[in-house]
Structures are given as structure tokens and as C-alpha cells.
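The block underneath contains the structure these notes are about, expressed in C-alpha cells.
On a predicted model such as this, the values are computed, not experimentally measured, just so you know.
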Amino acid sequence: MTSEANAREGVRRGLPYAALSGILQIAFALLGMLLLVRYLPPDDYGIWVLMVGIAGPLMLAASLGYNHALLRFLRSIDQPAERNAFVWSVWSRRSLAIIACLALMWVLFPFWAPHFGLSAYADLFSILLPAYFAIGSGAYLHAALNTAYRQREVFWGFLACQVTFVGGILVGIQIGLGLVDFAWVYCGA
């Protein structure tokens with residue numbers, strides 16, 4: 001089978017998983033948000049949104065074009081071993097960049113947190129640091145797996161993560177957890 005035929009077959013097999021993953025991502029995000037907004041006091045929910053939202057700019061700063069390089073160059077590498085080496089090499093560099101950004105944010109927390117009303121939430125920020133790392137490095141692996149037409153693995157991994165988080169919220173609501181506890185649930189998911 002030619003490379004073009006392999007690509008078409010990979011797209012054909014992966015498309016249902018990619019579509020379902022996108023739909024479920026929206027549904028789980030909405031469900032988790034609605035559960036938290038109904039359960040947490042308004043101030044705590046605002047802090048939650050700020051803390052979780054910190055990951056967005058962090059990931060942009062740490063991306064350094066890795067996803068674009070992956071999408072552009074991975075398909076041109078013919079040998080599977082070389083492809084894997086390329087993916088893990090780029091992942092490790094991106095992970096180091098994310099760790100450096102997180103370390104800088106943690107060291108500078110006392111300086112930037114007051115501007116956002118987060119000074120009293122250093123413990124919450126510290127709990128979320130591993131989640132920020134997982135989000136950043138996971139986004140790269142997500143792109144690598146999608147480039148390799150492995151949408152099924154991406155789908156099942158995403159589903160396990162989201163079910164864990166929403167399930168943790170539901171259990172947390174039943175047993176009366178607070179904001180810091182939900183951060184631990186988020187990290188675990």
C-alpha cells in the first residue's frame with residue numbers, strides 16, 4: 001500500500017474517534033463546569049477558573065512551535081524507530097520548557113498573584129502545578145498520536161481523564177469537598 005493510501009486509511013479509521021472525542025470534550029467540559037458552578041461558592045468558582053486558566057498562556061509560552069514541527073516533519077520520517085525518537089526527543093525538550101515556565105511561575109507567584117487576587121491560594125497553585133505539566137506535555141503527545149492516526153488511543157485516554165474528573169466532582173459534591181480538594185481531583189484526572 002502506498003503512503004497516500006495508508007494516510008487515507010488512517011484518516012478513515014480515526015475520523016469517528018476524533019469526532020466523538022470532540023463532542024465528548026465539549027459535553028464533559030460543560031458538565032464539569034456546571035457542576036462546579038452550582039456547588040462552589042461564587043468566590044471559590046472564580047478562583048478555580050483563574051487557576052485552571054493559568055495553564056492556557058503557560059502552554060502557549062512553552063510550545064515553542066513544537067506542535068507545528070511535529071505536524072510538518074513527522075510524516076516525512078519513514079522509519080518507525082526514527083519517528084519515535086523524534087517524538088520523544090521533542091517531547092522531552094518541550095517538557096523541560098514547561099518545567100522551566102512552571103518553576104519561574106512558582107518562584108514569581110508572590111509577585112504576580114496579588115494582581116489577580118490569588119495571594120492566599122499558593123497551596124492551590126502548588127497542587128495544580130503537576131496538572132499544568134500534564135496538560136502541556138499531554139497536548140504534545142495528543143498531537144503526536146493524532147499525526148500517527150492513533151485517534152482511538154487519544155479518545156480512550158481522554159475519556160478516562162474526563163470520566164475521572166467529572167466522577168470525582170460528583171463524589172466530591174456528595175461528601176462535601178472544597179476547592180483545594182477539587183484541585184487534587186483535577187490533578188489526579
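- L104 CG to W112 CH2: the interatomic distance, rounded to the nearest 0.5 Å, is 11.0 Å.
- Checked against a 6.0 Å centroid threshold, the rings of F165 and F28 do not count as neighbours.
- Minimum heavy-atom separation, L50 to F116: CD1-O, 3.6 Å.
- No close placement of the W48 and Y121 rings is indicated, their centers lying 6.0 Å or farther apart.
- Atom CG of L35 and atom CG of L30 lie 9.5 Å apart (nearest 0.5 Å).
- Classified by interplanar angle (parallel below 30°, tilted 30° to 60°, perpendicular above 60°), the ring pair F125/F109 is parallel.
- Scanning both residues, D44 and L40, for their nearest heavy atoms gives CB-CB, 4.2 Å.
- Here the closest non-hydrogen pair linking A183 and L124 is CB-CD1, 3.2 Å.
- Using a 4.5 Å heavy-atom threshold, the side chains of L118 and M51 count as touching.
- Looking at every heavy atom in both residues, A160 comes nearest to T164 through O-OG1, 2.6 Å.
- Here the two rings, on F182 and Y39, have centers that are under 6.0 Å apart.
- Residues M105 and I54 have side chains in contact (heavy-atom distance under 4.5 Å, counting atoms from C-beta outward).
- Between atom CD1 of residue I26 and atom CG of residue L31 there is a gap of 13.5 Å, rounded to the nearest 0.5 Å.
- One distance of note links SG of C101 with CH2 of W106; it measures 16.0 Å at 0.5 Å rounding.
- Checked by atom type and distance alone, the side chain of D181 pairs as donor or acceptor with a backbone atom of G178 at under 3.5 Å.
- Taken from OH in Y45 to CZ in R38, the straight-line distance is 13.0 Å, to the nearest 0.5 Å.
- Using a 4.5 Å cut-off on side-chain heavy atoms (C-beta onward), L96 and R93 make no contact.
- Minimum heavy-atom separation, V185 to I169: CG1-N, 4.3 Å.
- Put simply, SG on C187 and CZ on F133 are 12.0 Å apart, with the number rounded to the nearest 0.5 Å.
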